[in-house]
Every structure is written in C-alpha cells, then in structure tokens.
Amino acid sequence: MTTRTEEVEIEGVRLFATLTTGGEVGLLALHGSNEGGTAELARSVAERCGATSLVFTQPGKPAPVHIPSPRMAVAHCELLRDFLSHVAVTVSLHGHRRRATPRAIFLGGANRPAAHRLASGLTALHPEFHTVTDLEEIPVNLRGLHSRNPVNLTRGGGVQVELPLTARTRRPGWRPGVPDEPPQSVVDALAKGVGLLTD
C-alpha cells in the first residue's frame, strides 16, 4: 500500500488530503478535523481491511471550516480523482451531534444494499448503539443522497455513515492537533462491516 499527500484549496480553505491506496473498498473522511474521530476511524479500518482510505484535514486550524460534502467534489484535487477512479464502493465516515438520537448510527448513501450489508456488521455494537438504514428515519441532511456527494461518485456508489460523538472518540472535548481515539469496539464493528462489502 502506498501513501500520498496533497495540499488543496477548496472555497478558500486550505486542506491536506492523504490517500493510502489499497483494495477497491474505500474509507473516506471528508471532515477529518471537524468531525472528531472520523479521520482516525477511516485510517484504522482501512488498515485492518486492506482497503483504500482518503482523509481530509485542516491541521493547525483552531476552528476548522465545514464544507458541505457535495462541494468537496472538486476536479482540481488529484487524490480525490484517484480515489474515485480506483474505488468501487465507498464508506464515507461523518459525525452527527443529534441530541434526540445520541446512540443512532445512520447509514445513508445511494448504495442501499451496501448499507444493509454494512449494518449487519455493526450488530455487535447493540445495545450501546443502534443502526438506522431506513432513509425515511434518517434526517434529510444526513442521508448522503446528493448526486455530487463523493460517496456516490465511485462506480458502485457507497454508504454514508453518520456516527454520534461517543462512537467516534473516547475524549469528551476536542483540541487542535490532538488525535481522537475511537472506541475499539467501533473500529472492530466497522472493519467487520467493510469486510462484508468485499465478499
């Protein structure tokens, strides 16, 4: 597996992209500095599964800018282009802070069969967390169905995974430059689910 980095500017925001090329399932973290734990999860799960990972971060920025996912699909990012051409199915990791559903893991994205397969790998997280695959039960802005969302731009589309804070990090607060520590149980469950996408 090879790792490459690229500095890219999107909507005036300087980001660093890191691509580690592996298999045809891809782990994507578009908001690695905004949504704590997603960058670390993407890297850890990809390494466990021999998958590809692409992580975007804003290092050194005390207040990272959140760029909506569809607007991250820019043609001038070489590593994103390489990721989208190499990967068949994407698992895009995001974070939500929904007070009404602090234990819900929402599985959106256009590839619904993949969402259900991934969900079967996450059953080990019950009862601490529960997965939601019914799009009608997922908040509209967390469904990941926009045609320009990178999760849907690989040839097989993908699954947008919206994780609550406690599924992403064991730290209660966020500090710039300090890596998050995702719970090992979540790493294990996601790795199992991603493994099912390669069968």
Side-chain angles (χ1 to χ4, degrees), residues 22-23 25-57 64 66 69 89-145 149 151 157-199:
V25 174
L27 278 294
L28 179 63
L30 293 171
H31 306 124
S33 293
N34 308 75
E35 299 169 351
T38 57
E40 291 81 4
L41 276 170
R43 293 186 184 111
S44 296
V45 172
E47 184 176 353
R48 281 270 297 272
C49 300
T52 294
S53 67
L54 177 61
V55 173
F56 288 87
T57 57
H66 184 277
S69 298
V89 177
T90 300
V91 176
S92 187
L93 303 179
H94 296 263
H96 76 83
R97 300 290 292 267
R98 297 270 165 165
R99 292 183 179 179
T101 53
R103 298 292 174 179
I105 298 175
F106 298 112
L107 301 181
N111 189 328
R112 303 316 300 153
H116 288 281
R117 286 199 299 275
L118 187 64
S120 67
L122 300 181
T123 55
L125 296 176
H126 297 189
E128 185 177 7
F129 302 103
H130 66 278
T131 56
V132 180
T133 57
D134 185 341
L135 289 174
E136 293 300 315
E137 296 181 13
I138 300 175
V140 173
N141 65 335
L142 301 183
R143 292 178 184 172
L145 296 177
N149 189 326
V151 72
V159 185
Q160 179 157 307
V161 182
E162 292 279 355
L163 297 150
L165 182 63
T166 52
R168 294 182 275 122
T169 179
R170 290 180 286 188
R171 291 197 293 109
W174 179 85
R175 285 174 291 168
V178 179
D180 283 284
E181 296 180 25
Q184 189 60 47
S185 61
V186 177
V187 176
D188 293 342
L190 278 171
K192 181 178 179 181
V194 168
L196 294 175
L197 299 181
T198 64
D199 294 342

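Remember, it's a predicted structure, so these values are computed and weren't measured experimentally.
Checked against side-chain contact (heavy atoms from CB on, under 4.5 Å), A189 has the following partners two or more places apart in sequence or in another chain: L122, L125. With sequence neighbours excluded, no residue forms a side-chain hydrogen bond (donor to acceptor under 3.5 Å, both in side chains) with S185. Applying the side-chain contact (heavy atoms from CB on, under 4.5 Å) criterion to S53, with sequence neighbours excluded, gives T20, L27, A46. Qualifying side-chain hydrogen bond (donor to acceptor under 3.5 Å, both in side chains) partners for E181, counting only residues two or more places apart in sequence or in other chains: R170.
Taking the side chain as every heavy atom from C-beta outward, V187 and L41 approach each other to under 4.5 Å.
For the pair H96 and L142, the tightest heavy-atom approach, listed with the atom from each and the gap, is CB-CD1, 4.1 Å. Shown here for L107 and A119, the closest heavy-atom pair between the two residues is CD1-CB, 3.5 Å. Closest approach of V89 to L197, counting heavy atoms only: CG1-CD1, 4.4 Å. The shortest non-hydrogen separation linking A42 to V55 is CB-CG2, 4.0 Å. For the residue pair P164 and P102, the shortest heavy atom distance occurs at CB-O, 3.1 Å. Nearest heavy atom pair, residue S92 against residue V151, reads CB-CG2, 3.7 Å.
One finds the OG atom of S69 at 5.5 Å from the CD atom of Q160 (value rounded to the nearest 0.5 Å). A distance of 8.5 Å separates OG1 in T38 from CG in L163, rounded to the nearest 0.5 Å. Interatomic distance, L54 CG to R43 CZ, rounded to the nearest 0.5 Å: 10.0 Å. For the atom pair L190 CG and I105 CD1, the distance stands at 7.0 Å (nearest 0.5 Å).
Residue pairs that meet the side chain to side chain donor-acceptor pair (under 3.5 Å) test with at least one member in residues 103-126, sequence neighbours left out, are R103-T166. Applying the side chain to side chain donor-acceptor pair (under 3.5 Å) test to residues at least two apart or on different chains, none of the pairs has a partner in residues 129-139.
With hydrogens and angles ignored, the 3.5 Å screen pairs no side-chain donor or acceptor of T169 with any backbone N or O of P182. E162 contributes no side-chain N or O that, together with a main-chain N or O of F106, makes up a donor-acceptor pair within less than 3.5 Å.
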Should R168 and E40 be marked as a side-chain contact (heavy atoms from CB on, under 4.5 Å) after you check the CA-CA gap, both sets of side-chain angles, and the distance that decides it?
CA-CA 9 Å; R168 294 182 275 122; E40 291 81 4; over 6 Å; no
Please assess L135 against L145 for the test side-chain contact (heavy atoms from CB on, under 4.5 Å), listing each intermediate value before the final yes or no.
CA-CA 10 Å; L135 289 174; L145 296 177; 4.1 Å; yes
